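One structure is given below, encoded as structure tokens.
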Amino acid sequence: MDLQKIIRPNIWKMAPYSSARDEFKDAVGDFVFLDANENPFDNSLNRYPDPMQTQLKVVLSKLKGVETNQILVGNGSDEVLDLLFRAVCEPNVDNVLTIAPSYGMYSVLANLNAVENRLQLLDADFQPKVEEILSKVDARTKMIFLCSPNNPTGNDIIPEKIVQLLENFDGFVVIDEAYIEFSNQNSWIEVLNDYPNLVVTQTLSKAVGLAGLRVGLLYANKDFVGILNKIKPPYNVNVLSQAKAVEILKDYDKVAAATALIVEEKKKMNEALKEISFIQKIYPSAANFILIEVDDANSRYEQVLAAGFVLRNRTKDPLCKNCLRISVGTPSENEALLNLLKTL
Ligand SMILES: *Cc1c(COP(=O)(O)O)cnc(C)c1O
């Protein structure tokens with residue numbers, strides 16, 4: 001893959017902002033910091049954060065089996081996805097392709113960056129139609145976005161289909177793995193070194209339980225990650241977020257136990273939902289939510305809301321007519337919801 005060909009010319013040539021902490025990296029030793037115009041009085045947050053999130057990347061590197069220079073950390077997945085657009089898509093010239101139904105942010109970011117989004121409907125099993133996708137892309141298509149497990153449908157994308165896209169498309173294949181911890185599939189991070197055009201995004205917002213922290217992650221080949229690091233806002237992940245992320249990830253057994261409990265709960269809910277008469281279909285889910293098809297999504301949504309439960313109404317999404325998406329809650333929340341559904 002010729003990186004210079006896919007990166008926007010202005011980005012390729014751009015010199016990054018050099019922050020005080022970029023110019024002084026020597027972390028060992030006892031120094032007096034008079035280089036960044038900070039307030040010198042210690043209140044635990046008076047210093048700028050590490051722009052390269054070094055400690056967090058060391059923890060992630062061990063956890064994920066990648067080099068630290070293959071990791072980009074952002075202020076949520078939203079930021080890392082936006083950086084992708086800004087790095088490779090020339091506004092009003094380049095385009096991307098996304099699948100539908102899928103996560104809404106891809107279209108929003110395409111729009112925001114004045115980039116055409118070519119939508120490709122999934123098939124009846126919510127799998128990508130590889131041949132149609134490949135016939136829709138052209139020399140100006142810079143990225144194909146996939147999401148596995150997919151939101152809002154919940155299914156894994158069949159690995160062979162992803163390989164076909166990786167092997168037959170010149171631009172980046174971006175796989176959003178926001179829900180990968182709940183799935184039995186392996187992460188695509190494991191084959192990062194085999195595909196220079198593979199980009200994987202993950203998040204601490206779902207299984208790791210830190211949605212309020214805003215930490216999104218991107219894994220790709222180190223040269224591309226170097227370019228993304230060059231264009232990101234220098235202090236994009238704050239001191240508290242970096243520290244809390246390190247603390248929670250160091251105790252990953254706890255995260256894994258919570259993930260296992262959520263998966264167990266999902267299985268129980270799946271069985272119980274089969275007994276509810278107005279539910280017409282329960283889609284198989286590899287994530288921490290279940291997509292169901294009901295008789296009338298709008299009225300069921302309102303009925304459940306009146307009883308104090310907020311579901312996600314996906315009836316307007318393509319292929320999702322009369323579908324509601326239910327996140328798996330705590331055991332008692334799930335039980336309460338199921339008890340309510342039985343009475344409707
Ligand atoms: C929830 C979710 C994310 C997470 O976004 P953050 O900005 O990291 O909180 C990313 N992708 C998908 C598909 C999601 O459903």
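Order of appearance sets the numbers: ligands from 1, and atoms from 1 within every ligand. All of these numbers come straight from a predicted model, not from anything done at the bench.
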query: Below 6.0 angstrom between ring centroids: does that apply to Y103 and F145?
result: no
Protein residue, atom and distance nearest to [atom], heavy-atom basis:
atom                    : result
atom 7 (O) of ligand 1  : R214 NH2, 2.6 Å
atom 14 (C) of ligand 1 : K206 NZ, 3.2 Å
atom 15 (O) of ligand 1 : Y179 OH, 2.6 Å
atom 11 (N) of ligand 1 : D176 OD2, 2.7 Å
atom 9 (O) of ligand 1  : S205 OG, 2.7 Å

message: Taking 4.0 Å as the limit for heavy-atom contacts, which would you say applies to N151 with ligand 1: side chain only, backbone only, both, or neither?
response: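 Side chain only.
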- prompt: Does E264 pair with K267 as a salt bridge, N-O distance under 4.0 Å?
  reply: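 The answer is yes: the pair qualifies as a salt bridge.
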field: salt_bridge(D138, R118) N-O dist < 4.0 Å
entry: yes
Within 45° cone of F33 ring axis and under 6.0 Å: R47 NZ or CZ: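 No, R47 does not lie over the aromatic ring of F33.
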Counting each atom of ligand 1 from 1 as listed, which ones have a heavy atom of [X] under 4.0 Å away?
X    : value
D78  : 7 (O)
G76  : 7 (O), 8 (O)
A178 : 2 (C), 3 (C), 10 (C), 11 (N), 12 (C), 14 (C)

message: For C147, state whether at least one heavy atom is located under 4.0 Å from any atom of ligand 1.
response: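 A heavy atom of C147 does come that close to ligand 1.
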message: Is it the case that the side chains of D50 and Q55 hold a donor-acceptor pair, with the cut-off being a distance below 3.5 Å and no angle test?
response: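 There is no such pair (donor and acceptor under 3.5 Å, judged by atom type) between the side chains of Q55 and D50.
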- request: Check the pair R214 / D78 against salt bridge (Lys or Arg N to Asp or Glu O under 4.0 Å), numbers first and verdict last.
  value: CA-CA 9 Å; R214 310 310 303 132; D78 300 341; 3.5 Å; yes
task: For I180 and S148, work out which heavy atoms get closest and say how close.
output: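 The pair with the smallest heavy-atom distance is CD1-O, 4.3 Å.
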message: With a sphere of 6.0 Å drawn around CG of N184, does it hold more than 12 non-hydrogen atoms of other residues, nucleotides or ligands?
response: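 Counting neighbours around CG of N184, 12 or fewer heavy atoms of other residues, nucleotides or ligands fall under 6.0 Å, so no.
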- prompt: So, is S77 polar-close to ligand 1, with some N/O to N/O distance under 3.5 Å?
  reply: yes
